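Heads up: the structure comes next, in structure tokens.
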Amino acid sequence: MKREEILTRLAEIERELKKRRAENILAQYNAGERVHKKQMEFHACKKRNRWVFGGNRSGKTECGAVECLWILRGIHPYRENRKDAFGWAVSLSQQVQRDVAQAKILKYLPKSWIADIVMLSGRRDSPAGGAIDQIKIKNVFGGISTLGFKSCDQGREKFQGSSLDFVWFDEEPPRDIYEECLMRVMDRNGDIFGTMTPLKGRTFIYNEIYMNVKRNPEVWCSFMSWEDNPYLPKEQIELLENALDKSVLDARKYGKFSDGTGLVYPEFDESVHVIEPFDIPREWQDTISIDPGFNNPLSAHWYCMDWDGNIYVIAEHFAAGMDVDTHAKRILEISKKLGWKADGRGRVRALIDSAANQRTLSAVQSVTELFCERGILADSRVNKDVFSGIMRVKSLLRGESGKIFIFSSCTNMIEEFKNYFWAEDDTPVKRDDHCMDELRYYVMSHPAPPAKSERLSPVQEDKLKRIRKAKKRGNFG
């Protein structure tokens, strides 16, 4: 073959490859150097009820559409595939279906994969301009999968009867439709997944999914912000920030829930700040912080700090309806289990709200004195400046002055981070804030990083090496 013929043939091959790439945008999803890590976390999750709460243009809708097509085509890289999958894409209205969910599906769906299209309105040969009822998709195993489009304005009755492999909610559905769809996936042990910007505030999805009040082990959620999207240029982010009112930035930028006044800590991200427990070196142990309560919950957490100034919240005692004796006994039991540092008489040190110094008319001793008598050496000289404390915690969450990590076993502190909102008078809402209060007492005590011991045992040296390696790999944020 002559050189000219070879060059001609190579040019033809390149044109064909370019044509195929243009026809199969799905093959380019998260390919190359720019990988949307939050999207891949969603796809890799094996939970059956998983949600992405994302800001506008964070990439949340793309991952919902791609998840549908991977399942329908039988090419999901992280889940068991079947040849006849059946699922629904649910939008708020038929118009939103056409403009958002349907448009994303058609964007990623090569025409060669389509076996048939059934239209509700519009032309079958031009589906983007109408409303689709169903798309039949050729499966790699030789079967035919089906994606049905539903809109919430049809009412609950239109969601009854079918057995499904999955339901994708594009934005938050009404509760009755969400519950009906849970029934639809039960027969096939199917999945529910949703992608939404939480503009409605703290609705049932906030409780059912984000707070997971029922402790459902199959529930998972993640947040996507503008910064998570590698395809969104920084100059566009700046334009969006300048164009939006600060009161809606929590939802539209970070995908955070709001009640109209905003989260105190929108910077909190469970995937970054919550870690699995590990053996903390004794040298990192710092102190306990307590927000006292008897009818109301008493909150106590055990705080450590590494040599880089990073804070670790490693254990908690959180209970209501107990007297000082019971609280003190429990705190000492947890301290003993942790191997927490104590003096020669087994007493441990703690910070405590200065309100614990007050005596009632019927009390001979203050709460602080009662704790001290029971082995909790409580220091009430804490800085209670709320605004300064919040700014310090925000700085830690952003990693600007050290970082903060919370063990996953500290469930009450994690819930309060997610449920801590501003009131209209620029102060936090005084409700379910006991952990947040004693966290501020600790961070405002400005603890110095512990001095590194010059005499470490071989076991301690090995632990520290493993921890530092884990931090370099990004396991601790």
Side-chain angles (χ1 to χ4, degrees), residues 42 48-54 60-73 76 82 84-109 113-124 126-137 139 144-200 203-205 208-209 218-219 221:
F42 165 76
R48 291 182 53 214
N49 195 343
R50 54 198 189 280
W51 290 72
V52 173
F53 305 121
K60 66 183 188 305
T61 310
E62 269 77 8
C63 64
V66 169
E67 184 77 2
C68 290
L69 290 176
W70 277 353
I71 296 171
L72 295 163
R73 181 67 171 165
H76 202 298
R82 55 185 302 171
D84 58 350
F86 183 19
W88 283 344
V90 179
S91 302
L92 298 180
S93 67
Q94 197 173 99
Q95 181 177 343
V96 174
Q97 168 196 316
R98 183 196 65 199
D99 295 342
V100 184
Q102 177 180 301
K104 292 295 183 185
I105 290 290
L106 293 175
K107 169 187 172 182
Y108 286 105
L109 178 61
W113 292 5
I114 300 174
D116 192 15
I117 295 182
V118 179
M119 302 295 296
L120 289 171
S121 65
R123 294 170 48 184
R124 182 172 171 276
S126 183
I132 300 173
D133 181 25
Q134 288 187 346
I135 300 180
K136 301 289 186 177
I137 295 174
N139 189 284
I144 299 293
S145 295
T146 304
L147 176 64
F149 288 90
K150 295 282 186 180
S151 59
C152 296
D153 56 6
Q154 293 176 299
R156 179 172 184 160
E157 291 76 15
K158 296 294 184 180
F159 288 79
Q160 296 174 347
S162 298
S163 293
L164 304 170
D165 292 294
F166 68 87
V167 174
W168 167 37
F169 289 110
D170 173 41
E171 297 303 341
E172 180 178 358
R175 185 176 197 132
D176 60 341
I177 289 176
Y178 169 78
E179 291 175 345
E180 188 64 43
C181 288
L182 287 177
M183 299 299 103
R184 299 305 109 225
V185 300
M186 188 175 295
D187 289 349
R188 297 199 185 194
N189 199 31
D191 294 347
I192 294 284
F193 50 92
T195 55
M196 59 175 279
T197 300
L199 296 175
K200 298 178 183 178
T203 62
F204 82 96
I205 287 291
E208 293 281 327
I209 306 300
E218 290 299 325
V219 165
C221 66

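The structure displayed is predicted, hence computed values, not measured ones.
Under the 4.5 Å side-chain criterion, counting only non-hydrogen atoms from C-beta, Glu62 is in contact with Tyr108. Ile71 places a side-chain heavy atom less than 4.5 Å from the side chain of Phe193. Within the 4.5 Å cutoff, no side-chain heavy atoms of Phe159 are placed close to those of Asp176. Looking at heavy atoms from C-beta onward, Met196 lies in side-chain contact with Trp51 at the 4.5 angstrom threshold. Contact of the Leu106 side chain with the Ile132 side chain is registered, since non-hydrogen atoms from C-beta on lie closer than 4.5 Å. Considering only heavy atoms from C-beta on, Arg73 stays 4.5 Å or farther from Leu109 through its side chain.
Formation of a donor-acceptor pair under 3.5 Å by the Glu171 side chain with backbone atoms of Ser91 is not found in this model. Listed for the Arg98 side chain is no donor-acceptor partner under 3.5 Å among the backbone atoms of Gly129. Listed for the Gln154 side chain is a donor-acceptor partner under 3.5 Å among the backbone atoms of Ser151. Although no hydrogens or angles enter the test, the distance criterion places a donor-acceptor pair under 3.5 Å between the side chain of Asn139 and the main chain of Leu72. A donor-acceptor pair under 3.5 Å is formed between the side chain of Asp165 and the backbone N or O of Phe86. Proximity of a side-chain donor or acceptor of Gln102 to a complementary backbone N or O of Pro127 within less than 3.5 Å is detected.
One finds the CG atom of Leu69 at 11.0 Å from the NE2 atom of His76 (value rounded to the nearest 0.5 Å). Atom SG in Cys221 sits 12.5 Å away from atom CD in Glu208 (nearest 0.5 Å). Here Asp133 contributes atom CG and Leu147 contributes atom CG; the two are 10.5 Å apart, rounded to the nearest 0.5 Å. In this structure, CZ on Arg188 lies 12.5 Å from CG on Asp191, to the nearest 0.5 angstrom.
Listed by chain and residue number, Arg82 satisfy the salt bridge (Lys or Arg N to Asp or Glu O under 4.0 Å) test with Asp84 (two or more places apart in sequence, or in another chain). By the ring-ring contact (aromatic ring centres under 6.0 Å, His included) test, Phe53 is found to be paired with Phe223, Phe257, residues two or more places apart in sequence or in another chain being considered. A search for salt bridge (Lys or Arg N to Asp or Glu O under 4.0 Å) contacts involving Glu172 returns nothing, not counting sequence neighbours. The side chain to side chain contact (heavy atoms under 4.5 Å, CB included) test applied to Ala131 returns Gln94, Gln97, Leu120, Ser121, not counting sequence neighbours. Listed by chain and number, the residues in a ring-ring contact (aromatic ring centres under 6.0 Å, His included) with Tyr178 are Phe204 (sequence neighbours excluded).
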Audit row: Phe149, Ile105, side-chain contact (heavy atoms from CB on, under 4.5 Å) steps and yes/no | CA-CA 11 Å; Phe149 288 90; Ile105 290 290; 4.2 Å; yes
Asp170 and Trp168: side-chain hydrogen bond (donor to acceptor under 3.5 Å, both in side chains), yes or no, with the steps?
-> CA-CA 6 Å; Asp170 173 41; Trp168 167 37; 5.0 Å; no
Determine, step by step, whether Lys136 and Val118 satisfy the side-chain contact (heavy atoms from CB on, under 4.5 Å) criterion, reporting the C-alpha distance in whole Å, the side-chain angles of both residues, the deciding distance to 0.1 Å, and the verdict.
-> CA-CA 8 Å; Lys136 301 289 186 177; Val118 179; 5.7 Å; no
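Between Cys63 and Thr195 the shortest heavy-atom distance is SG-CG2, 4.2 Å. Across every non-hydrogen atom of Asp187 and Ser163, the tightest pair is OD2-OG, 3.0 Å. Of all heavy-atom pairs spanning Arg184 and Trp88, the tightest one is CG-CZ3, 3.9 Å. Across all their heavy atoms, Gly54 and Thr197 have their closest contact at O-OG1, 2.7 Å. Leu164 and Val167 make their closest contact through CD1-CG2, 3.5 Å (heavy atoms, listed as atom of the first residue, atom of the second, distance). Scanning all heavy atoms of the two residues, the minimum distance from Ile192 to Cys181 falls at CD1-O, 3.9 Å.
Each salt bridge (Lys or Arg N to Asp or Glu O under 4.0 Å) pair with one or both residues in residues 144-164, not counting sequence neighbours, appears once here: Arg156-Glu180.
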